2 protein chains.
Amino acid sequence: MTVTLADVAARARVSPATVSRVLNGNYPVAASTRERVLRAVDDLDYVLNGPASSLAAATSDLVGILVNDIADPFFGIMAGAAQTEIGGPGDGSGRAGGEKLAVVCNTGGSPERELTYLTLLQRQRAAAVVLTGGAVEDPVHQAAVSAKLAKLADAGTRVVLCGRPPLPDGEAVVAALAFDNRGGGRRLTEHLLSLGHRRIGYVAGPLERTTTRHRLEGHRDAMRAAGLLGGGTGAAGLSGGGTGATGRPTDGYDEERLTVHGPYDRRSGYDATLELLRREPEVTAIVAANDTVALGACAAVRDRGLRIPEDISVAGFDDLPFSVDAVPALTTVRLPLFEAGARAGRLAMGKETPPPGGIATIAAELMVRGSTAPPRA
Amino acid sequence: MTVTLADVAARARVSPATVSRVLNGNYPVAASTRERVLRAVDDLDYVLNGPASSLAAATSDLVGILVNDIADPFFGIMAGAAQTEIGGPGDGSGRAGGEKLAVVCNTGGSPERELTYLTLLQRQRAAAVVLTGGAVEDPVHQAAVSAKLAKLADAGTRVVLCGRPPLPDGEAVVAALAFDNRGGGRRLTEHLLSLGHRRIGYVAGPLERTTTRHRLEGHRDAMRAAGLLGGGTGAAGLSGGGTGATGRPTDGYDEERLTVHGPYDRRSGYDATLELLRREPEVTAIVAANDTVALGACAAVRDRGLRIPEDISVAGFDDLPFSVDAVPALTTVRLPLFEAGARAGRLAMGKETPPPGGIATIAAELMVRGSTAPPRA
DNA sequence: CTGTTAGCGCATTCAA
DNA sequence: TTGAATGCGCTAACAG
């Protein structure tokens, strides 16, 4: 029925071992022999049995790329870039040579699914795993992930983090590429402050994610430096692992009042912005957790009959492709998603040497566009 | 070193076969025995060896979802929905029970990569494969894909098409869910015609894709019905397999003049729109191949100092989430991407019976919003 | 309901 | 440079 290595060997009049060596290419084989084997492969339309191969070799050519939301270009861009580096150029023959199979796994932001996927990849003896995007800060889950990654690394799987902060004990990881979310958030708010804004609303992401926290901390750092916040440290409002930040009415009054949390989607931006405008009609600027949320914020501002940026400035984060097409074009913070993804892919393939200490921080660049302007006098 | 089934069996004081049966759950096992085995699994932190399992069972739990562009929400939404149905709810334990491993593979729209991924999935003995989005119409490639899918089906892989037209000989396929691109395109243009538009520019997708052709055909059907096109059949300008449509100056004059092809991205929409405005300054409406392209078109229109919709109407296709947030909100054609993806996922899992004949056409709904209006008098 | 027995198809020793 | 032999870890008959 199904063609096996042995069939190819018989047809090429060589031993199975020789066929294996030709196919894997990592062993000297006479040119004429190779020729014969390759012809037999084509004649028989032979396709290697992946599981058998992986079983014998104790490793597979699967590379997993975990994303929080596959429908979000933020992840799509990184994953696509990583895949470019991992999948190889393809020889165009469709014969599938030594390439890896780069596959993206959608966790939907769920810690359970993240763990499940890691187990599944572990089960497959994946060659490498790339985790993209912010992590959930629940200590239990973080410990579980760390443990799982350690086991994966133990079994020879290369683990790379992309757009995610390093693990507490980064030993299990080949490399961590972290975005400078905090710096970006700070510069964005500094920009608004320099325009003259003082009452700035913040539509934050889900509470328990690192990305959310870092961007918000950057924002508050800037606010504090401008003397617009009570005392306390930068992380004050969110310290303690992010399980809740509703306390601290004393020095966190403005913070709490001017911050609303929600998922990283358009709807959340819309709703949160309406809420902010209700709570504090005097806000002159809204900073959103990311560009998608910012789009929702813009819609809400408009629906309230306010103009952007004349009445209210709006800013986002990420600089996704659509942001430049918003009307007015969105002021945001550019993250080099494609470059980071590609680098993560190379790191996963061992095609690039890891940064010193295994950790690299990737700069975030402020992009000033039409959606921000000085507040009305 | 690494824990195997035998180790678990020894610890639970049962035979390896029993452990296997417990893990796969598809066989009666005494509750007490199961209990003991499960405990041993946890104690030993055992993880099934996927390749070994797949080899012995001659099938794996991999399900591949092929997409043309992972950074495009059009695909992300479908893939995410499919994954939801395939991956199962996950039992939350991270232990990974009988779920399938749904993975998305990014072909980047390249026929070679599509074939390579199919081979890779064939090699892995994938349980199912879902192909999303339009196909490339090159006959050679189509034949190669058909042949490959037939082999996959032969080997027991369930093949599902989602948002892709049925294969010429659909035998290899469990089901094909095709979008009514043609009908959607027609209704969209009819809407513009009913508003009074007569000179309508069309920013089409890449020439050789089915999606491009069907949407364009719908547009031309409507134009022809309104007597705005020369003779010929609907597919006239693109007949012959899409290898080129530059001929036919006789009855295709306006068609060619008012159509520009390009990739499905924002940049293409921008450039093509400028080109259209240059060729034919009298156009009063621009129809774009999809929403992303439409966004680029809007930008171009604006950069030329024209207002939407007062000076020029713009319309898209797909109704991606951001389209409602465009300013003005984009008139477009809604495709139930999530529902279609979910259904494809269920079909791939055998959780839903295929439509009669294996083919279902999914309706496209016109969404009239602010970006279209009657032309200036 | 559970144990025993054979492979699944390939990569890799070790010889030649 | 090539061939022969062995086992990777598991599932699927078949008994019991």
Side-chain angles (χ1 to χ4, degrees), chain A residues 1-38 40-41 44-62 96 98 120 122-125 127 155-156, chain B residues 1-38 40-41 44-62 96-98 120 122-127 155-156:
Chain A
M1 244 304 286
T2 155
V3 183
T4 75
L5 232 201
D7 300 329
V8 176
R11 187 169 229 277
R13 320 181 114 270
V14 296
S15 74
T18 300
V19 177
S20 172
R21 294 196 261 251
V22 169
L23 261 28
N24 290 308
N26 44 15
Y27 214 83
V29 174
S32 65
T33 309
R34 155 183 284 103
E35 191 63 25
R36 216 146 22 98
V37 169
L38 254 21
V41 166
L44 265 32
D45 211 21
Y46 169 70
V47 175
L48 190 69
N49 184 316
S53 169
S54 298
L55 173 58
T59 172
S60 83
D61 52 6
L62 249 195
L120 252 14
Q122 177 183 14
R123 179 185 288 191
Q124 300 296 330
R125 308 307 193 244
Chain B
M1 241 307 284
T2 154
V3 183
T4 75
L5 233 199
D7 299 330
V8 176
R11 187 169 228 276
R13 319 181 114 270
V14 296
S15 74
T18 300
V19 178
S20 172
R21 296 196 262 252
V22 169
L23 261 27
N24 291 306
N26 44 13
Y27 217 83
V29 174
S32 65
T33 309
R34 153 181 286 102
E35 192 62 26
R36 214 145 25 95
V37 169
L38 255 19
V41 166
L44 265 33
D45 210 20
Y46 169 69
V47 175
L48 189 68
N49 183 315
S53 168
S54 298
L55 174 57
T59 172
S60 82
D61 52 5
L62 248 197
L120 253 14
Q122 179 183 13
R123 181 184 285 188
Q124 301 295 331
R125 305 307 191 246

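Just so it is clear, the values below take in all heavy atoms, side chains as well, and ignore hydrogens, waters and symmetry mates. Each chain gets a letter, A, B and so on, in the order its sequence line appears, and its residues count up from 1. All values reported here derive from a predicted model rather than from experimental measurement.
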Among the candidates [options], find the nucleotide nearest to the side-chain atoms of [X].
{"X": "B:A30", "options": "D:dT11, C:dT2, C:dA11", "value": "C:dT2"}
{"X": "B:R21", "options": "D:dA13, C:dG9, C:dA11", "value": "D:dA13"}
{"X": "A:A17", "options": "C:dG3, D:dA4, C:dC10", "value": "D:dA4"}
{"X": "B:N49", "options": "C:dG3, C:dT12, D:dG9", "value": "D:dG9"}
{"X": "A:S53", "options": "D:dT2, D:dT11, C:dC10", "value": "C:dC10"}
{"X": "A:V29", "options": "D:dT2, D:dG3, C:dA11", "value": "D:dT2"}
{"X": "A:S15", "options": "D:dG3, D:dT1, D:dG9", "value": "D:dG3"}
{"X": "B:T4", "options": "D:dG9, D:dT11, D:dG3", "value": "D:dG9"}

Counting the atoms with a prime plus P, OP1 and OP2 as sugar-phosphate, which does A:L5 contact under 4.0 Å by heavy atoms, base, sugar-phosphate, or nothing?
sugar-phosphate
Classify the nucleic acid contact of A:V19 as base, sugar-phosphate or nothing, counting any heavy atom under 4.0 Å across all strands shown.
nothing
To the nearest Å, give me how far apart [atom1] ([X]) and [atom2] ([N]) are.
{"X": "B:L44", "N": "D:dG9", "atom1": "CG", "atom2": "C1'", "answer": "15 Å"}
{"X": "B:R123", "N": "C:dG9", "atom1": "CZ", "atom2": "P", "answer": "16 Å"}
{"X": "A:R125", "N": "D:dG9", "atom1": "CZ", "atom2": "P", "answer": "8 Å"}
{"X": "B:E35", "N": "C:dC1", "atom1": "CD", "atom2": "C1'", "answer": "17 Å"}

For a side-chain hydrogen bond (donor to acceptor under 3.5 Å, both in side chains) check, start with the C-alpha distance between B:Q124 and A:D61, then their side-chain angles and the critical distance, and finish with the verdict.
CA-CA 10 Å; B:Q124 301 295 331; A:D61 52 6; 3.3 Å; yes
Does the [X] side chain pair with the main chain of [Y], one donor and one acceptor, at a distance under 3.5 Å?
{"X": "A:R123", "Y": "B:G50", "answer": "no"}
{"X": "B:S53", "Y": "B:N49", "answer": "no"}
{"X": "A:D7", "Y": "A:T4", "answer": "yes"}

Student check: side-chain heavy atoms of A:V3 and A:V47 closer than 4.5 Å:
no
Side-chain N or O of [X] versus OP1/OP2 of [N]: is the shortest distance under 4.0 Å?
{"X": "B:S20", "N": "D:dT11", "answer": "yes"}
{"X": "A:T33", "N": "D:dT2", "answer": "yes"}
{"X": "B:T18", "N": "C:dG3", "answer": "yes"}

